[in-house]
Amino acid sequence: MRAQFRLARGKFTLDVELAVEPGEVVAVLGPNGSGKSTLLNLIAGLLRPDTGHLSLDGRDLLGAPPHRRGIGLLAQEPLLFPHLSVLANVEFGPRAQYRADYRETALRWLDEVDARAFADRKPRQLSGGQAQRVALARALAADPELLLLDEPLTALDVDAAPAMRGLLRRVLRTRNRPAIMVTHDALDALVLADRVIVLDAGRIVEQGPTRTVLTRPRSPFAARIAGLNLVPGTTVDGGIRSSAGVFIAGRGSAGAGEDGVAVFSPAAVAVHRDNPHGSPRNALRVRLAGMEPHGDLIRLRAEDGLAADITPAAAAELELEPGQDVWFVVKATEVGVHAARGGVWGRD
Amino acid sequence: MRAQFRLARGKFTLDVELAVEPGEVVAVLGPNGSGKSTLLNLIAGLLRPDTGHLSLDGRDLLGAPPHRRGIGLLAQEPLLFPHLSVLANVEFGPRAQYRADYRETALRWLDEVDARAFADRKPRQLSGGQAQRVALARALAADPELLLLDEPLTALDVDAAPAMRGLLRRVLRTRNRPAIMVTHDALDALVLADRVIVLDAGRIVEQGPTRTVLTRPRSPFAARIAGLNLVPGTTVDGGIRSSAGVFIAGRGSAGAGEDGVAVFSPAAVAVHRDNPHGSPRNALRVRLAGMEPHGDLIRLRAEDGLAADITPAAAAELELEPGQDVWFVVKATEVGVHAARGGVWGRD
Amino acid sequence: MTLPRLLWVPALLGFAVIVLPVIGLLDRVEWARLPALVTSDAALSALGLSMQTAAMSTLVCLLLGGPLAFVLARSDFRGLRVLRSLVLLPLVLPPVVGGLALLYLLGRNGFLGQLLGVQLPYTTAAVVLAQTFVAMPFLVVSLEGALRTAGERYEAVAATLGAGRWTVLRRVTIPLLLPGIGSGVVLAFARALGEFGATIAFAGSLQGTTRTLPLEIYLQRESDVDAAVALSLLLVVIAIVVIVVARPRAVEGLR
Amino acid sequence: MTLPRLLWVPALLGFAVIVLPVIGLLDRVEWARLPALVTSDAALSALGLSMQTAAMSTLVCLLLGGPLAFVLARSDFRGLRVLRSLVLLPLVLPPVVGGLALLYLLGRNGFLGQLLGVQLPYTTAAVVLAQTFVAMPFLVVSLEGALRTAGERYEAVAATLGAGRWTVLRRVTIPLLLPGIGSGVVLAFARALGEFGATIAFAGSLQGTTRTLPLEIYLQRESDVDAAVALSLLLVVIAIVVIVVARPRAVEGLR
Amino acid sequence: TSGPEKREVTVFAAASLKDAFTELEKSYEASHPGVDVRISFGGSSDLAQQIVNGAPADVFASASPSTMDTVAKADLIDGRAEVFAVNTLRIAVPQGNPKGIRTLADLTKPGTALVLCAPQVPCGAAAKQVAMAAKLTFKPVSEEPDVRSVLGKVAAKEADAGLVYVTDVLSAPGKVEGVDFPESADAVNEYPLALLKKTGQAQLAREFAELVRGQAGRDVLTRAGFGPP
Ligand SMILES: Nc1ncnc2c1ncn2[C@@H]1O[C@H](COP(=O)(O)OP(=O)(O)OP(=O)(O)O)[C@@H](O)[C@H]1O
Ligand SMILES: Nc1ncnc2c1ncn2[C@@H]1O[C@H](COP(=O)(O)OP(=O)(O)OP(=O)(O)O)[C@@H](O)[C@H]1O
Ligand SMILES: [Mg+2]
Ligand SMILES: [Mg+2]
């Protein structure tokens, strides 16, 4: 998909240009009111830009009405049809596209979001989180060419959110069709997206592969949302083996042998001059490349790109300087191991 | 406020009894569909229980219509009045109560939620997060006896969420009136609530002071959402001084000299047999009281109540056993220092 | 949401304005003569014709007026306001004049009458047309109001799920609008059932062909006012029954 | 949401059904005589009376019928369905019979007439009452439909903000309902303006006091059909102008 | 379809002729097996408009010569219109005559609620004529557009008196009483009947007209209150 839009709405102006490759998943991050939903609405055809163009698989779509675009939108509010049962809501997409197996499709998606028990209910009989899940099932059941998701994981509880995230991951991978997802959560971007776009005040202030944006954010907003250590590799039992061959212990739901990434916050990295031999499973010997202030902390950056945030007091006590060899120590419990978008990770 | 409700809605039955003391803030946690919104709607009078009673400051309220109850509800959806401007939306409560200073009140609250710039807009011209903030301002401006908040911090970005959390904290403290808040986030409960109630399938499965529930959750759901180390004390520069006199370095927004609490996850605690003298600021000598499996980890519990989660491999290597003295090591960057509800913390 | 209690006072007054006169009427009916009157040939044939034509014209109103309401509520072009006002014409035109207008248009010398070459006046079709002419604005106006109140958020959602315009119409817009459609249909049906002036002017009053119940009542009044009143009550009872039976609960909306 | 294009076909047909006859009428008007006709004493006095009474009765409809619609849409008690159907009575009762009913109730021998001791028939008040009787159901039914479509979520929100029932009504319900109220008022006003049968039966027909424009038109028709047609057009134009001017943009709703 | 061809005669008749013509229809159909008489009753001016605009009428029986003129001017009449009945005015008072009205002059007594037809319609024109003849000035509370409305007001005791036709008084027995007055002879309302051109049923139509004008018609009309021409 390639798109370029300009739209003025009152004092706010959206002016963006973006491309999404076939099969690519793009996460859109940005502060409230930065134009994320506006962008999705423009792509879906619910808003018309002042000027712009839009094409998907070479078809020009700007003049096409929403239902001809093959673009599905899970909006920020669930907006389930109040007059239809939950099942009929989910069947809506497949039926509208005259698919014969709409009933099975709908039931399958209801199963996926763990909402089959509500199939016969009316939307007004659902809780907020239940409605959100059904809305997700409805959007997925429509199986559009391009899927747009506006904060798909809000209102979900601590069990449902990871489950739905996992579902989305599976779906987005097997579909092999593009998707754009708005989120406020770096983890969503990390697990689901190949690429991240950061919007601010209607403009794209940063974009790039998820890993790059989340580890080396250049915009202040991305920095606040992310700034993580990511170590790509292959998942193994109890952790990940990095491309350089180093084993990193961690916890997560990814099975062994997958493309994956180990994620941990620089704040979770303890720095020692000698190997401390304590409970932490991961002690990585690194050479310090640089030190810079990071808020009220000091960010140490190793030559292989890993970062550690420590307090100035600690930095002073350790008498650190660039070129020095130190141990970066991280507890396995602080390392998340996530299956990541296969293949695409190698890109940057 | 004392309440006791029984209400059957289809297959779901809510059956709860709860009391909220004057000035107390109660957080309601629970999975999707556990009855949290239903409970708030019952208290606000938008639903009628099959049987039950409700009183506030000794007044019996069950027969009273919603507007006579003095109970405000910020619902799960913003539901701003579409025909009124943002300012008029926020003025609505004070005007409905014939307060002369409704304009100033509304503008003040709009300032508080950083939405004054939208004062003249219609709700349909707001983004999701902006609308959520305005809805919060509207609920607060009405200044009810008892404030009910249903997931007040959803849809907010990484900057707005902590800002609104801070605002709520200030407001709830200065008002000195009771409030009940539904949330999926342990941090909200921690920062805002004196007491936590955990609902599951329409029943209260756990309740108690926030600290107890979050550190020693008994219900599986509470365990998944929380399970934190909390060290109460007085905030000092760069950390907190515990009631036992121990200094714990940490990071947070609380000013010095306040009642506060240091929060860190057991997963962030590294365990050493000897003091490792690395970058981590906090090395606490503790005596192991017990070890128990915790998911696929081992949870070590110290005699003073602190917990550390380590992998079985680490536990084996360290040859730990109860009664042993070990070092619990936590990086300052992993310790959050939050001002906590003053005074109330001492209760349990 | 309970209603302000004081609201009941004007509500009951309004109800009284409507119902008291009818009760006064009941008082005057000679109940003994009623059965004979109501089962007379003329009355039964008029009743049958009335039901049939009113149902037909309500259907036509729905099929033509429904789309018209949609266009008025959902499109946006120059002159829309004027169009919207023109729809009100039959509402304010005295029905007899409306009938004359139809006669001028479709009669033997009328523009369309000559063009089409069919003899419409004095047929049952003419009755349906006359009723349609007077009843259509009721459907259009009330449906348009409901459409505006309902908004179009759900229609947008349906489109992003791949539903074409017809599917959206059939499966989202119309079901959500049922209460409004119900009101519109009831108003149109009632207006068609009670239609007199346009019918007598355009379709004439031939028993079995064009003499509907209101026309029969008018004629009865020539010879016997009390009989006319009794017949009107029949009309009223029938209409109410039809409306109550035909208005399914679904139409009462989603609460 | 754009409309299915095919929808324009029935919409235009519906529009034609409404507008073509009126155009046919225009064709018959003797334009030369028109100025004299419409400025005649009788016509002007009838026009003034019509405007005045229709406005009055629309107001009464709103004040009494509005609350009635609220009660019907928002309360829940046994017999509500029956009540709702009874409201349709004046809709199906032939207007003349409706007028007779009013006469039986409020005439000098009528139950209420004797009770109140006022002489209502043959007065302008009687015209207003007759118009109110026939126009009220239009307002009630279309407003009720709009109320049901709108739902009550915002009202609940307002109540939790401490707004009493009247405040909710005034500041939430009514503003959100404006499109529906607009439709209802237009329908009621138009029906009142065109009212003939009930007026003639209850209020009589005296120039300047009770002879409204439809009555004047009916009379004219006896002696001079063309004059009657011309006068009807005057009525139509006036009505449309009043409706267009009086229907503020706000009523067209929130899109 | 099989069987003998169904023949029809369509008669347009003033509404006030309803009872009389309905009876005549029956006797005509009895003597003409296989013939269906269809009568459209309505206001004379409506009927005239319809005929002018192409209504398929064979016979037109009007309640006023002026409406018949409308049809005649359009050159639709076969032969001439002939008056077949007349109707005269009578004072209608509520049953029991509570105001004790005996003469036309009583109608001008103060406190008498009088209802008339408007001068534009035949009964109103007739009322005006008798008033002039009797040198009286009426002050009606209402000038109705048709005579049935006048009768309705009297029958409802809402008017103390009204000027209506003899036929109207006869149609409301037990509710209104009639008071004769000599001046009524000055204003006779004539009912003309005409055969219309271009009808496919000229012979049948002629026979219906003859029935109306003949002795049988005379009897029926007299019973309804109409006078001979
Ligand atoms: N109809 C409108 N008229 C004027 N301004 C509008 C309109 N709709 C949206 N805006 C403004 O456009 C900006 C972008 O809105 P949008 O909904 O795209 O934000 P968002 O990035 O989705 O934010 P959020 O995270 O809060 O959902 C906001 O500042 C909003 O106030
Ligand atoms: N009208 C109704 N009829 C039947 N069941 C209902 C109705 N309304 C809600 N429920 C059910 O009641 C349960 C409680 O709903 P409630 O909205 O209180 O959940 P919640 O705890 O607020 O969940 P969430 O976190 O998703 O907002 C849910 O299982 C829901 O499906
Ligand atoms: Mg948004
Ligand atoms: Mg909820």
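Lettering follows sequence order; numbering is per chain, from 1. Below, each value reflects all heavy atoms present in this structure, side chains not excepted, and no hydrogens, waters or symmetry copies.
- Each of C:A101, C:A16, C:G194 has some count of heavy-atom pairs under 4.5 Å with chain D, and the biggest count is that of C:A101.
- Summarising the geometry, atom CG belonging to D:L72 is positioned 8.0 Å from atom CZ belonging to C:F15; distances are rounded to the nearest 0.5 Å.
- Of all heavy-atom pairs between C:G14 and D:L64, the closest is CA-CB, 3.7 Å.
- Ranked by non-hydrogen atom pairs under 4.5 Å with chain C, the options D:V87, D:L187, D:V17, D:L20 are led by D:L187.
- Note that CG of C:L25 is 6.5 Å distant from CG of D:L93, once rounded to the nearest 0.5 Å.
- When every heavy atom of C:L68 is checked against every heavy atom of D:A11, the shortest pair comes out as CD1-O, 3.5 Å.
- Heavy-atom pairs under 4.5 Å with chain C peak, among D:L102, D:L13, D:L89, D:V9, at D:L89.
- Neither the backbone nor the side chain of C:L213 comes within contact range of chain D, judged by heavy atoms closer than 4.5 Å.
- Heavy atoms of C:I217 lying under 4.5 Å from chain D belong exclusively to its side chain.
- Within the 4.5 angstrom heavy-atom criterion, only side-chain atoms of C:L112, from C-beta onward, approach chain D.
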Please assess D:V186 against C:L88 for the test side chain to side chain contact (heavy atoms under 4.5 Å, CB included), listing each intermediate value before the final yes or no. CA-CA 9 Å; D:V186 163; C:L88 303 172; 3.6 Å; yes
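- Summarising the geometry, atom OG belonging to D:S75 is positioned 9.5 Å from atom CG belonging to C:L7; distances are rounded to the nearest 0.5 Å.
- With respect to chain C, the highest number of heavy-atom pairs below 4.5 Å among D:F70, D:W8, D:F196 belongs to D:W8.
- Closest approach of C:V22 to D:F133, counting heavy atoms only: CG2-CZ, 4.4 Å.
- Put simply, of C:L177, C:L83, C:L26, C:L12, the one with the most heavy-atom pairs under 4.5 Å next to chain D is C:L83.
- The two residues D:L105 and C:P21 have their closest heavy-atom pair at CD2-N, 3.8 Å.
- Between chain C and the options D:L6, D:T132, D:L100, heavy-atom pairs under 4.5 Å are most frequent for D:L6.
- The residue among C:V229, C:V19, C:L193, C:V96 with the most heavy atom pairs within less than 4.5 Å of chain D is C:V96.
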Quick one, C:F189 with D:L91, criterion side chain to side chain contact (heavy atoms under 4.5 Å, CB included). Give me CA distance, side-chain angles, the key distance, then yes/no. CA-CA 9 Å; C:F189 178 75; D:L91 221 52; over 6 Å; no
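- Rounding to the nearest 0.5 Å places OG of D:S142 at 11.5 Å from CG of C:L143.
- Residue with the most contacts toward chain C among D:G24, D:A54, D:A190: D:A190 (heavy-atom pairs, distance under 4.5 Å).
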